[in-house]
Structures are given as structure tokens and as C-alpha cells.
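Comments concern the structure below.
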Amino acid sequence: MKALVTGISGFVGSHMAEFLLRQGVEVVGTIRNRSRMDHISHLRQEIRLAECELRDPFSVETLIGRERPDLIFHLAAQSFVPTSWNSPIDTIHNNVAGQVNLFEAVRRFELPAKIQIACSSEEYGQVEPEETPIRETNPLRPLSPYAISKVAQDYLGYQYHRSYGLHVVRTITFNHTGPRRGENFVTSNFAKQIVDIEKGRKAPVIHVGNLEAKRDFTDVRDVVRGYWLALEKGQPGENYNIASGTCCTIAEMLNTLLSFSNVSIEVQTDPSRLRPSDVQILLGDYRKFQEATGWKPEIPFQRTMEDLLQYWRSQP
């Protein structure tokens, strides 16, 4: 069996590749000429890399025609919400065009590939307190250009399944983190700031944005196991929440990280870290996915935070 992982050099892509290799699957991953390779450097002898610009239909068609994968994990995306405020059209074009090109190539070659689409809980956007925990039937009220791009990816997955019979499973993943998470994302940003303070690289002050937002965090290693099960046992055309079923404020997450450090650190709000609009609560209900696949989160949040901090401590 052969799996194609788009965005294999990224945070989730690298963990996905590790998981697939443990299942004995042949792994091919897409990269671009500017892709950072540090997350997959330890896997280079076990995987094959293919340079592919997903926004270019010819590049995607060439890749799909050559590799003809059995499984496709579509993880490549512009995934940082603040960047989508600065570059809304680039975010939407990158995320939507890349997926359309992938679907069109699979359709033209009539491949029976199973395709997992990495959607996002940001699609739910403005969620009222009485609507939590959020089920897949909740209204979508996206609050950022990134969220809009993910709504488009989500519904394109449904449309291509209904229109052309593509085996597409849409996973709506809530916040996920763990080792290798990019430093732009809040958990990693805080962890890296703590480590920089521990190593004397910066003053003992952590700069933060909105600490009152509530988020549902799942370990990335649980998430990639979920992506595998989505294609193994999920129903094509369906959407499934992948979440922990619990949430905490960003302040509580920060305090968890701080509990693993012995240095004295001051917390300061940085107005530049506040968004034009922010989703106040994301708490997921994953029962539909559990009933379909048997999946449930296994890695405790405390371990995820400790592993994340250790990851940054291991970096030069």
C-alpha cells in the first residue's frame, strides 16, 4: 500500500509519515523548493519526496499520474490564522486551489484512492456557549479568512464525493499540538519563550495575546492515528470531529507549561498579538468519530505540554 502525504515536511505531516511507516506503508510526500526539512531529516532514508506545487494543476497531475497512491492524506495548507488576516487571498487560493487540483487529478486518472481532508474547528467560528460541546451539525460561522478557506475545503470534499464518487473523508480537527509544532502557534510560542528564558536568551517576560479564549487541545500523535482510522473505517463523504472533548483557557495552558520550568517568569499582554476577531470557545464532541472508528484520545494534556517543552529544549 502506498500513501501520499501532502505537506510531509510540516508539523502534522512529519508525524503522519512516522505513523504510516510503523504500519508498513510506502510513504511519498510532497515538498516545495523552500520547504524546511528538519522535521523529516530522520526519515529521509525511509520515505520518498516529490517536489510539487499544489497550486499548479500540471504539477499535481504529473505527481498523481506517476505515483497512483492508494491513500492520500491532504495536510498541506497555509494554516496560521493571523497570516490569513495579512494575506487573505493567498490563504484562500493556496488552500482551495491545491485541493481542487488534487481532486481533479484523482478524478481524471479514475484512481480508487481514499482521500483524507484536514479540515479545522475554526470553521465553526462564532460558537454560543449553549452550543458546546460542538457537534458536526453545528452552524458554521467562520471568523477569519483561514476559516473561510477551510469551509471551502470541507464542502469541496463533500461535493466531489457526491458529484464524482471520490472516497473523501473530512476530518474537522480541533487544536492540536506536540513536538515540532511551529513557533508561530500559541502552545509552541509560549514553550519556546520559556526555553529562551531558561537559556538566558531573553528577559524573563513572556508576551501573550488573548488568554481568555478556551481551546480543545489534542496531541498530534493521537490526531494522525485518527487520520489513519478515518480512511480505514470512516464513511466517504462524512465529516468527523477529532477533539479531546475537554478544553482549557489559554492562560491555563500557559500555567501548565510554566509548571514544568523552574525559572521565575512575568506574563505581559502584547497588543500586537490580539486578533481583529477571535473565537472565544472551541470544545469538540468526538462521539460520531468514536462510534465510526473506535478512536479516542490517549495522550494526556500534561504529557503533551511536557513533550513540547522538551522538544524546544532539544533545539540548538
Side-chain angles (χ1 to χ4, degrees), residues 7-18 31-32 34-44 78-87 146 174-224 244 246-276 278-279 282 299-316:
I8 196 170
S9 63
F11 163 57
V12 182
S14 62
H15 285 282
M16 190 79 245
E18 287 176 338
I31 57 169
R32 296 190 286 186
R34 60 181 180 274
S35 296
R36 288 181 54 185
M37 307 300 286
D38 48 322
H39 291 343
I40 54 171
S41 59
H42 62 298
L43 303 175
R44 290 297 296 275
Q78 193 300 96
S79 58
F80 188 45
V81 175
T83 296
S84 79
W85 291 108
N86 300 327
S87 305
Y146 167 75
F174 283 65
N175 292 67
H176 43 297
T177 189
R180 304 183 208 138
R181 191 50 157 153
E183 66 179 278
N184 288 334
F185 294 86
V186 64
T187 51
S188 248
N189 187 275
F190 290 172
K192 185 175 186 298
Q193 287 191 68
I194 291 169
V195 170
D196 284 344
I197 292 167
E198 289 177 343
K199 294 183 177 182
R201 294 172 179 165
K202 72 184 295 278
V205 178
I206 279 191
H207 296 97
V208 303
N210 176 17
L211 292 181
E212 299 309 309
K214 295 180 178 179
R215 293 293 182 266
D216 181 325
F217 291 103
T218 305
D219 193 288
V220 64
R221 294 160 290 194
D222 279 333
V223 168
V224 297
S244 73
T246 61
C247 74
C248 63
T249 65
I250 301 301
E252 290 168 335
M253 178 273 290
L254 173 57
N255 288 334
T256 300
L257 281 171
L258 289 171
S259 73
F260 294 115
S261 179
N262 293 322
V263 295
S264 179
I265 297 175
E266 180 186 350
V267 177
Q268 287 185 3
T269 300
D270 178 356
S272 71
R273 292 171 178 258
L274 300 174
R275 300 175 182 179
D278 204 356
V279 177
L282 286 173
I299 300 173
F301 182 63
Q302 296 265 353
R303 180 185 154 195
T304 303
M305 291 293 96
E306 188 170 17
D307 287 354
L308 177 61
L309 204 57
Q310 287 300 121
Y311 165 74
W312 283 111
R313 286 170 175 154
S314 72
Q315 299 304 295

Can you give me the closest heavy-atom contact between [X] and [Y], atom names plus distance?
{"X": "S244", "Y": "T218", "value": "N-OG1, 3.1 Å"}
{"X": "S35", "Y": "S9", "value": "CB-OG, 3.6 Å"}
{"X": "G182", "Y": "S188", "value": "O-CB, 3.1 Å"}
{"X": "L43", "Y": "S14", "value": "CD1-O, 4.0 Å"}

Legend entry - Identified side-chain hydrogen bond (donor to acceptor under 3.5 Å, both in side chains) partner of T304 from the options D222, D219, T187: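 So the option named by the test is D219.
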
Legend entry - For R201, all residues meeting salt bridge (Lys or Arg N to Asp or Glu O under 4.0 Å), sequence neighbours excluded: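 Partners of R201 under the salt bridge (Lys or Arg N to Asp or Glu O under 4.0 Å) test: D196.
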
Quick one, [X] and [Y] - any side-chain contact, counting heavy atoms below 4.5 Å?
{"X": "Q78", "Y": "S84", "result": "yes"}
{"X": "I265", "Y": "Q193", "result": "no"}
{"X": "V220", "Y": "F11", "result": "yes"}
{"X": "V186", "Y": "N175", "result": "no"}
{"X": "I206", "Y": "I197", "result": "yes"}
{"X": "N184", "Y": "T83", "result": "no"}

Legend entry - With S87 via side-chain contact (heavy atoms from CB on, under 4.5 Å) - residues at least two apart: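 Counting only residues at least two positions away or on another chain, S87 forms a side-chain contact (heavy atoms from CB on, under 4.5 Å) with D90.
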
What's the separation between atom [atom1] in [X] and atom [atom2] in [Y], rounded to the nearest 0.5 Å?
{"X": "R180", "Y": "E18", "atom1": "CZ", "atom2": "CD", "answer": "4.0 Å"}
{"X": "I194", "Y": "K202", "atom1": "CD1", "atom2": "NZ", "answer": "9.5 Å"}
{"X": "F260", "Y": "E198", "atom1": "CZ", "atom2": "CD", "answer": "12.0 Å"}

Legend entry - F190 and its side-chain contact (heavy atoms from CB on, under 4.5 Å) partner, picked from L258, L254, T256: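 Only one of L258, L254, T256 forms a side-chain contact (heavy atoms from CB on, under 4.5 Å) with F190, namely L254.
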
Inset, instruction - Run through K192, R313, R181 and flag the one making a side-chain contact (heavy atoms from CB on, under 4.5 Å) with L308. - result: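 With L308 as partner, K192, R313, R181 yield a single side-chain contact (heavy atoms from CB on, under 4.5 Å), made by R181.
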
Inset, instruction - Only pairs at least two apart or in different chains count here, so list each side-chain hydrogen bond (donor to acceptor under 3.5 Å, both in side chains) that has a residue in residues 204-214. - result: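 Residue pairs with at least one partner in residues 204-214: N210-D278.
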
Legend entry - Candidate pair R221 and D307, rule salt bridge (charged side-chain N to carboxylate O under 4.0 Å, His left out), full reasoning: CA-CA 11 Å; R221 294 160 290 194; D307 287 354; 2.9 Å; yes

Legend entry - side chain to side chain contact (heavy atoms under 4.5 Å, CB included) assessment of M305 paired with T177: CA-CA 8 Å; M305 291 293 96; T177 189; 3.6 Å; yes

Legend entry - Full working for side chain to side chain contact (heavy atoms under 4.5 Å, CB included) between F301 and C248: CA-CA 10 Å; F301 182 63; C248 63; 4.3 Å; yes

Legend entry - Pair L309-V195, side chain to side chain contact (heavy atoms under 4.5 Å, CB included): steps then yes or no: CA-CA 7 Å; L309 204 57; V195 170; 4.0 Å; yes

Inset, instruction - Check whether more than 12 heavy atoms from other residues, nucleotides or ligands sit under 6.0 Å from atom CZ of R32, and answer yes or no. - result: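 Atom CZ in R32 is packed in, count exceeds 12.
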
Inset, instruction - Give a yes or no on whether the backbone of G209 and the side-chain of D270 come within a donor-acceptor separation of less than 3.5 Å. - result: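 Here the side-chain-to-backbone pair does not exist.
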
Inset, instruction - Look only at the side chain of H39 and the backbone of M37, and say whether a donor-acceptor pair between them is shorter than 3.5 Å. - result: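 No, H39 side chain to M37 backbone: no donor-acceptor pair under 3.5 Å.
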
